[in-house]
Amino acid sequence: MNVIVYGAGALGSFFGGLLSTQHQVTLVGRPAHVQAVKREGLRISGETSLVAHPATVTSLSEAPDAVHSDLVLLTVKAFHTRQAVEDVAAHTSAPLLSLQNGLGNEEAIAEGAGEGRALGGVTTHGVLFVEPGHVRHTGSGDTIVGELDGSLSPRVRRIADGFSAAGIPTLVSSDIRRDLWRKALVNAAINPLSAVLRCKNGYLLENPHARRVMEDVCEEGSAVARAAGIDVGQDVMDRVTEVATHTRENLSSMLQSLLAGKRTEIDHINGVIVSRGQEEGISTPVNATLISIVRALEMQK
């Protein structure tokens, strides 16, 4: 496959690096990271040890082969989705697979590029951006891809097979919207609390007070999902525990953003739970409180 990874931060670089061992890959990233990868290759350390050599650009206008791409892997922050989709749509007609945090990314892709080009995906791999040219794989996870209409199409099977061949075991889902909600609830429980406490994911399970807050987040989010017609199951907290255990040494993406003085994705994770809860008449006070605290932390200089 000819794959473009649009938004080559920690997760995008990890996926792009592994995919480049079996496929033609172009990373679209920030100048410092792009230049470091061009000079010395992309170093992946931790649970995966690899130096990969994907092509790198800072803009799709620098990638003349973009028009021939088979897949665009979208890994930008959720608040950049619409801008990214507009840029991608101007350079290629390839399908776009979101591996982003939060809810609503797939709808933004469908609106900006056409419903037929939008694919959903979830992954629970933990990855930390160490420095330009270097990311650390801090925890192995699962990866699932799917059509938004639930069909088991040839293209999602091809994507799953291509990812698996490159060392990223990937399954095809017949209900990716459910999987997206389940991942969003996991992120809603782990990310903001780890950001507030400035801790690794694993500590949240060791602290009984933090664990109780995560349980409350899951209960609120599950109630909202069910009211919206999404059956997320009764084991969401079990899934949170599993993910936090596998990524125990990871700093969540939200904590990484705060430490770097950057905007977080709180509005696209817990914020969506609160807004959908208001639409469905479901109270979500714990999620709302976490949003306020994270926003306050974003304002700190």
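Both backbone and side-chain heavy atoms feed into the values below; hydrogens, waters and symmetry mates do not.
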Would you give me the side-chain donor-acceptor pairs under 3.5 Å for residues 211-219, sequence neighbours excluded?
{"from": "Arg211", "atom 1": "NH2", "to": "Thr241", "atom 2": "OG1", "distance (Å)": "3.2"}
{"from": "Arg212", "atom 1": "NE", "to": "Asp216", "atom 2": "OD1", "distance (Å)": "3.2"}
{"from": "Arg212", "atom 1": "NH1", "to": "Glu215", "atom 2": "OE1", "distance (Å)": "3.0"}
{"from": "Arg212", "atom 1": "NH2", "to": "Asp216", "atom 2": "OD1", "distance (Å)": "2.7"}

**Item:** Residue pair Thr123, Phe15: steps toward the side-chain contact (heavy atoms from CB on, under 4.5 Å) verdict
**Value:** CA-CA 10 Å; Thr123 188; Phe15 269 78; 3.6 Å; yes
**Request:** Apply side-chain contact (heavy atoms from CB on, under 4.5 Å) to the pair His246 and Thr124, showing each step before the final yes or no.
**Result:** CA-CA 9 Å; His246 288 168; Thr124 56; over 6 Å; no
**Request:** Check Asp231, Asp175, Asp235 against Arg182 for a salt bridge (Lys or Arg N to Asp or Glu O under 4.0 Å) and give me the one that passes.
**Result:** Asp235
Between [X] and [Y], is any pair of side-chain heavy atoms under 4.5 Å apart?
X	Y	result
Leu180	Val122	yes
Leu128	Gln256	yes
Val224	Trp181	yes
Ser174	Leu152	yes
Leu185	Ser222	yes
Ile291	Pro192	no
Leu97	Val145	yes
Thr138	Val127	no

Residue pairs involving [range] (criterion salt bridge (charged side-chain N to carboxylate O under 4.0 Å, His left out); sequence neighbours excluded):
range	result
residues 246-258	Lys200-Glu249
residues 89-111	Arg82-Glu111, Glu107-Arg177
residues 130-156	Asp142-Arg239, Glu147-Arg155
residues 266-294	Asp267-Arg295, Arg276-Glu279

**Message:** Filter on side chain to side chain donor-acceptor pair (under 3.5 Å), then keep only pairs touching residues 186-195, sequence neighbours left out; what's left?
**Reply:** Asn101-Asn187, Asn191-Ser253, Ser194-Ser252
**Item:** Qualifying side chain to side chain donor-acceptor pair (under 3.5 Å) pairs with a residue from residues 66-78, counting only residues at least two apart or across chains
**Value:** Ser69-Thr92
Determine whether the side chains of [X] and [Y] contain a donor N or O and an acceptor N or O closer than 3.5 Å.
X	Y	answer
Thr81	Gln100	yes
Thr170	Thr143	no
Ser151	Ser153	no
His134	Ser45	yes

**Asked** Cluster partners of Val85, using ILVMFWY side-chain heavy atoms under 4.5 angstrom, listed by chain and number?
**Response** Ile4, Tyr6, Val28, Val57, Leu60, Val72, Leu74, Val76, Val88, Leu96, Ile109
**Item:** Glu220 and its side chain to side chain donor-acceptor pair (under 3.5 Å) partner, picked from Thr284, Asn270, Asn287
**Value:** Asn287
**Asked** Would the number of heavy atoms belonging to other residues, nucleotides or ligands and lying under 6.0 Å from CD of Glu62 be above 12?
**Response** yes
**Prompt:** Sequence neighbours excluded, which residues qualify as ring pair (Phe, Tyr, Trp, His ring centres under 6.0 Å) partners of His137?
**Reply:** Phe14, His125
**Set of ring pair (Phe, Tyr, Trp, His ring centres under 6.0 Å) partners for His33, sequence neighbours left out** = Phe129
Over all atoms of both residues, closest heavy-atom pair of [X] and [Y]:
X	Y	value
Ile144	Ser173	CG2-CB, 3.4 Å
Val236	Gly233	CG2-O, 4.1 Å
Ala160	Val172	CB-CG2, 3.6 Å
Ser20	Pro54	CB-CB, 3.9 Å
Thr264	Ser257	CG2-CB, 4.2 Å

**Prompt:** Among the clusters formed by ILVMFWY side chains lying less than 4.5 Å apart, do Leu297 and Leu193 turn up in the same one?
**Reply:** no
**Message:** Under the criterion side-chain contact (heavy atoms from CB on, under 4.5 Å), I'd like the reasoning laid out for Leu71 against Phe163: C-alpha separation, chi angles, the key distance, then a yes or no.
**Reply:** CA-CA 12 Å; Leu71 175 68; Phe163 281 23; 4.1 Å; yes
**Item:** ring-ring contact (aromatic ring centres under 6.0 Å, His included) contacts touching residues 182-217 (sequence neighbours left out)
**Value:** none
**Message:** Going by the rule side-chain hydrogen bond (donor to acceptor under 3.5 Å, both in side chains), which residues pair with Ser283 if we only count those two or more places apart in sequence or in a different chain?
**Reply:** none
**Request:** Dump the intermediate steps for side-chain contact (heavy atoms from CB on, under 4.5 Å) on Leu148 and Leu119, then the final yes or no.
**Result:** CA-CA 6 Å; Leu148 299 185; Leu119 298 171; over 6 Å; no
